[in-house]
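Read through the structure below, which is laid out as structure tokens, and then see the notes.
Lettering of chains follows the sequences in order, A, B, ..., and the numbering in each one begins at 1.
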Number of protein chains: 2
Amino acid sequence: MSGAVIKYDLCMGRWQPNARGRLEQAALELYGERGFEQTTVAEIAKRAGLTERTFFRHFADKREVLFAGGVMLEDLLVRAIADAPDSTTPIEATIAALEGAGALLQERRERSRQRQAVIDANAELRERELIKLATLASALAGALRRRGVTDLAASLTAEAGIAIFKVAFERWIKETNEKELPQIIRESLDELKAVTAGK
Amino acid sequence: MSGAVIKYDLCMGRWQPNARGRLEQAALELYGERGFEQTTVAEIAKRAGLTERTFFRHFADKREVLFAGGVMLEDLLVRAIADAPDSTTPIEATIAALEGAGALLQERRERSRQRQAVIDANAELRERELIKLATLASALAGALRRRGVTDLAASLTAEAGIAIFKVAFERWIKETNEKELPQIIRESLDELKAVTAGK
DNA sequence: TATGCTGATGACAGCAACTGACATCAGTCC
DNA sequence: GGACTGATGTCAGTTGCTGTCATCAGCATA
């Protein structure tokens, strides 16, 4: 489990490659082993064979190391919405994009569980997760506006989409059966439709 | 305003009353004057005539001083949902509760604007605001479940309600005309209904 | 080959957020 | 009057985070 401190290897350049990835790995391990607050940045850096100062060159703060990967997801969603056929309704384009992202996550179910367990165990990490989701909602709304959707409708559709994703993701993580994330997302949309229709 | 440090007054007990309120006031002023990050806790405490250590006895961290009042709002909303007639649908009970809260905020429009300007100017404060809203959503979902609403429907209704509130509040803060918050909330619900219906 | 630039890292000092431990002392209860 | 309580002060310490300067492999270019 890579508790070992990595040292220079004279054969390959001045430094070990992928410093950023090593920091991410070390942080996820340590946060999982002893908790977020009980882990110091110095310890993460040491396990990655680097110094504390270098950690903060790669990540803005101690939390960000768990969320830096989210940029890819945002790109994916925005592109999916942009590429949807013109005839697609805003809510349908949004949900289709989320189903696509859900399919990706479906392939890394165990890692998602591990990461989410770390996040759920700490209030500061939950805060960071929420702002990432809010940023995502903003990006989705922007993508919708670029399709000609009005401001209000774009914001509400994006927020509703994120709400659906949150609820669906939580159920997916919690459930023991093997229902797949994209399917849960679709079911959640149907439920939201029923609920807003006044039921 | 009130840059003066408050001193003991031999006529009235050992300490000035309402230490907590003085800290809240001093913090809002300083955050507004020079920004959240540029304000130290020691400065807030000094303006309130107290010490840094005492600040942390009243508030868990430097941000919480802006959000401690939110507990009242949560109580109000939960009670409103609990007290709604049995025949009221979940979404209607939720929106009615939010309209009630909106009416309260309507009376302090300027203070709301001031507070929101401080929050919007800082990412850490936005994080804290989001987790407060998420907590509120949880509380709403709980209140709905106690009315016999199923888990999934309760979560989605609560999340949708909060999404509506976020969007409506933002428009209310931003707009120069005098449209009232409860009305904007109602309009936003109608828009969400249109959007989820597939439009 | 020499020279200089760049980019990732280390080393170190320092600030400010937050915590734990103990002291102080007005008011209150018995 | 003596014990107790509760809000506050004081002080030392940990840790997240930043600024600054030094180091040095690799690369380009003369």
Side-chain angles (χ1 to χ4, degrees), chain A residues 5-27 30-31 33-68 118 122-128 131, chain B residues 5-27 30-31 33-68 118 122-128 131:
Chain A
V5 175
I6 298 169
K7 288 296 196 182
Y8 279 28
D9 177 341
L10 296 177
C11 299
M12 47 196 319
R14 188 172 180 188
W15 298 289
Q16 289 283 323
N18 196 24
R20 191 184 174 88
R22 271 150 51 212
L23 287 168
E24 286 178 355
Q25 179 68 25
L30 284 167
Y31 293 169
E33 287 169 17
R34 64 180 85 163
F36 175 77
E37 288 178 1
Q38 284 64 49
T39 303
T40 69
V41 175
E43 288 166 344
I44 298 170
K46 188 175 179 190
R47 180 171 292 198
L50 295 164
T51 63
E52 188 182 347
R53 192 65 186 87
T54 296
F55 178 97
F56 286 108
R57 287 202 182 90
H58 284 276
F59 304 99
D61 60 56
K62 192 184 166 188
R63 291 174 276 171
E64 193 62 18
V65 65
L66 283 178
F67 295 93
V118 169
N122 182 271
E124 286 181 69
L125 291 174
R126 269 178 273 136
E127 286 190 2
R128 178 57 54 88
I131 210 164
Chain B
V5 174
I6 298 169
K7 288 294 195 184
Y8 279 28
D9 178 340
L10 296 177
C11 298
M12 45 196 320
R14 189 173 180 187
W15 298 291
Q16 289 283 323
N18 195 23
R20 190 184 174 90
R22 271 149 51 212
L23 287 167
E24 285 178 356
Q25 179 68 27
L30 284 167
Y31 292 168
E33 287 169 17
R34 64 180 84 162
F36 175 76
E37 288 178 2
Q38 284 64 49
T39 303
T40 69
V41 174
E43 288 166 342
I44 298 169
K46 188 175 179 188
R47 180 170 293 198
L50 295 164
T51 63
E52 189 182 348
R53 192 66 185 89
T54 297
F55 178 97
F56 287 109
R57 287 205 182 89
H58 284 277
F59 304 99
D61 59 56
K62 191 184 166 189
R63 292 175 274 172
E64 192 61 19
V65 65
L66 283 178
F67 296 93
V118 169
N122 182 270
E124 286 181 70
L125 291 174
R126 268 178 275 136
E127 285 190 4
R128 178 56 54 89
I131 209 164

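Taking 3.5 Å as the limit, the base of C:dG7 and the side chain of A:Arg57 contain no donor-acceptor pair of atoms between them. Scanning atom types as modelled, one donor and one acceptor separated by under 3.5 angstrom connect the side chain of A:Arg53 and the base of D:dG19.
Nearest nucleotide to the B:Val41 side chain, out of C:dA17, C:dT9, D:dC17: C:dA17. Taking the side chain of B:Asp61 as heavy atoms from C-beta on, and the options D:dT8, D:dC21, C:dC18, the nearest nucleotide is C:dC18.
Contact annotation: A:Thr54 side-chain N/O to C:dG10 OP1/OP2 distance is under 4.0 Å. Within the structure, a side-chain polar atom (N or O) of B:Thr51 is placed less than 4.0 Å from OP1 or OP2 of D:dG9. Between A:His58 and C:dA8, a side-chain N or O to OP1/OP2 separation shorter than 4.0 Å is absent.
Here the side chains of A:Glu33 and A:Leu30 are in contact, with some heavy-atom distance below 4.5 Å. For the pair B:Glu124 and B:Lys62, the minimum side-chain heavy-atom distance is 4.5 Å or more. Between A:Ile131 and A:Arg128, some side-chain heavy-atom pair lies under the 4.5 Å cut-off.
When the C1' atom of C:dA16 is taken as reference, atom CD of B:Gln38 falls 13 Å away, rounded to whole Å. Regarding B:Arg14, its CZ atom lies at a distance of 13 Å from the P atom of C:dT28, rounded to whole Å.
Summarising the geometry of B:Pro17 relative to B:Arg22, their closest heavy-atom pair is O-NH1, 3.1 Å, with the distance given to 0.1 Å.
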